[in-house]
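Order of the sequence lines fixes the chain letters, A, B, ..., with proteins taken first and strands second; residue numbering starts at 1 for each chain.
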Amino acid sequence: MALAVELRQVVKHYRRGKEMVEVLSGLDLAVPEGEFLAIMGPSGSGKTTVLNLIGGLDRANSGSVTVCGERIDSLNGAGLARWRSRHVGFIFQFYNLMPGLSAERNVELPLLLTHLSRAERKAHVDIALEVVGLSDRRRHKPSELSGGQQQRIAIARALVADPTLLICDEPTGDLDRQTADEILVLLQTLNRRQGKTIVMVTHDQKAADYASRQVHVDKGMLIAPEDRP
Amino acid sequence: MKYIPLVWSGLWRKRTRTILTFASIVVAFLLFGLLQGVNAAFGVGVQSSRLDRLYVQSRVSFTDPLPMGHLAQIQTVKGIDGISYANWFGGYYQDQKNFVFSYPVEAETYFALYPEIRIPPEQLQALLKTRTGALVGSELARKFGWKIGDKVPLKSQIWTHPDGTSDWVFDIVGIFDWPGDANQSRAFYFNHTYFDEGRAFGKGTVGWYIVHLADVTKGPEVGKAIDALFANSPNETKTQNEKESTQAFLRQFGDINFIVSSIIGAVFFTLLFLTGNTMMQSIRERLPEFAILKTLGFTDGAVLALVLAESLLLCLTAALIGLGLAALMFPYLKAFVGVLSLPLQVVSLGGGLAVLLALVIGGIPALKAKKLVIVDSLRGQ
């Protein structure tokens, strides 16, 4: 099966004051198309950094990052932005919706970067809201929605441009168990029925159990299941 | 167009703050519209001044009279093909607040020097034949409801009769127009002979002479020649072209342009700091939102354009409302500035200033939003 994500010998370090902190030390990761992968690990292990590199939000210091068939580590800023708009949908722990916009306007945001007409954008938004079951909340502002509903709107926004890859950073971290399960079922459905490749970072083992595969990151390296403490 | 809801929502993120900022820009541009409009109205007189007319007045002050005997000597200067004279009357109608720009003039020669004044020939003849006759501007006639045949009393703030009274009665014999200059259409002209015979003091003097040049390019030479005639005499003269003379006259009230520019400058400088600071604060608070837009695929340039568009929308809308209010108020100021509507050049200048203001106050926040690093902003750093 073709790979949706391939990280090879990726090194990433940050400068913290005068000190250089290495977050990833030659990490390798391959995610086949259509997989639902959960990345787990303790705080500061580098799992969010892996997610940022896959999503083209950050750059590796060395190594190669190939996502959706493209070496994104060689793209410039504008090229990377355009690539993100075409290939990746993002879902964050705190939803990150635009507070001044209604649910449907939030969902429409990624489509503003396309050449779709107003009517076509509306049609796409209608479908995305239908998929997450919030068609009746389309005119509500984020502050008028519950946490679970806001996360569903965020998922609709991530889906609306029909990306091949969904990047989820602790998508249930701010939700109660029942709502979290509903969101995870929705992600699982998107993966199984629509074939979306999903890479999810989570602390929560129950959340990770919804994924088709789990990997653990510690001290900047992937850890084999048998080496886990 | 599709980005307007996004720009609009960013603008109204903090409703109260935006309303206050908006109101301060509206007030600033209202002030700008009114002051600059007044300034432009004053400037109309200067702009429409002609270079083929010279004004000869006392070197000391334009309120200092010149002897009527100067007339014959000035006529000897080469390059002159017309001369007349006039005085400042300082009249008002019924109440001092009804000030009237009134001038006793040498009617036979005066109007030939002013082809801009549109007056039917029979009305001019009537003035020449009627000792107490007066020609009134159309705006002035409209203001007081005067018509030909009316007998109109004016009081003078300066000129009294030998019996100490200052009431002067005139018969309106004509109504003139001065196209393109409403101020001039509010003037009141009457015979100098009537004035000279009736006044208690200053007989045989004039306020200033008006000289018409045969060749407009010879103004400086003719002016020097006239002033040389009276050098070292008790009544030295200062000769200027009409533009210089009008400017000098306006300066009697203060340098309007300087005053207006100073006030507007101070207002906009303050506005720049206040609005700029508010804009910076607004953008700083929304950096995570801009990071999200970048995450979704908006380029650095697109984010920069969104912030600038927000700034432009705020400044331009507020400026247009401010200028609109000024335009609505302008007709009520007509009695003061003499112009019925806010000059178009003021509206254009205001629009340009609003764009400049928007770019200055939006520029730094826009660059900040453009340069933000997504992962840092999402982490709240």
Is the CZ atom of A:Arg71 crowded by more than 12 outside heavy atoms at less than 6.0 Å? yes
Chain B-proximal positions within residues 98-134 of chain A [heavy-atom distance under 4.5 Å]: A:Met98, A:Pro99, A:Gly100, A:Leu101, A:Arg105, A:Leu109, A:Pro110, A:Leu112, A:Leu113, A:Thr114, A:Arg121
B:Leu293 versus chain A, the contacting section by heavy-atom distance below 4.5 Å: side chain
Look at atom CZ of B:Phe273 and say whether more than 12 heavy atoms of other residues, nucleotides or ligands are closer to it than 6.0 Å. no
Least distance between heavy atoms, A:Ser85 atom then B:Gly297 atom: CB-CA, 3.9 Å
Is it the backbone or the side chain of A:Asn52 that comes under 4.5 Å from a heavy atom of chain B, or both, or neither? side chain
For atom NZ of A:Lys219, is the number of surrounding heavy atoms from other residues, nucleotides or ligands below 6.0 Å larger than 12? no
To the nearest 0.5 Å, atom CG of B:Leu378 lies from atom CG of A:Leu57 at 7.0 Å
Does B:Ile364 have more than 12 heavy atoms from other residues, nucleotides or ligands lying within 6.0 Å of its CD1? no
Can you pull out the residues in residues 298-311 of chain B with any heavy atom less than 4.5 Å from chain A? B:Phe298, B:Thr299
Answer key: most heavy-atom pairs under 4.5 Å with chain A among B:Ile374, B:Val373, B:Thr295 is B:Thr295
At a heavy-atom separation under 4.5 Å, does A:Phe94 approach chain B through its side chain, its backbone, both, or neither? neither
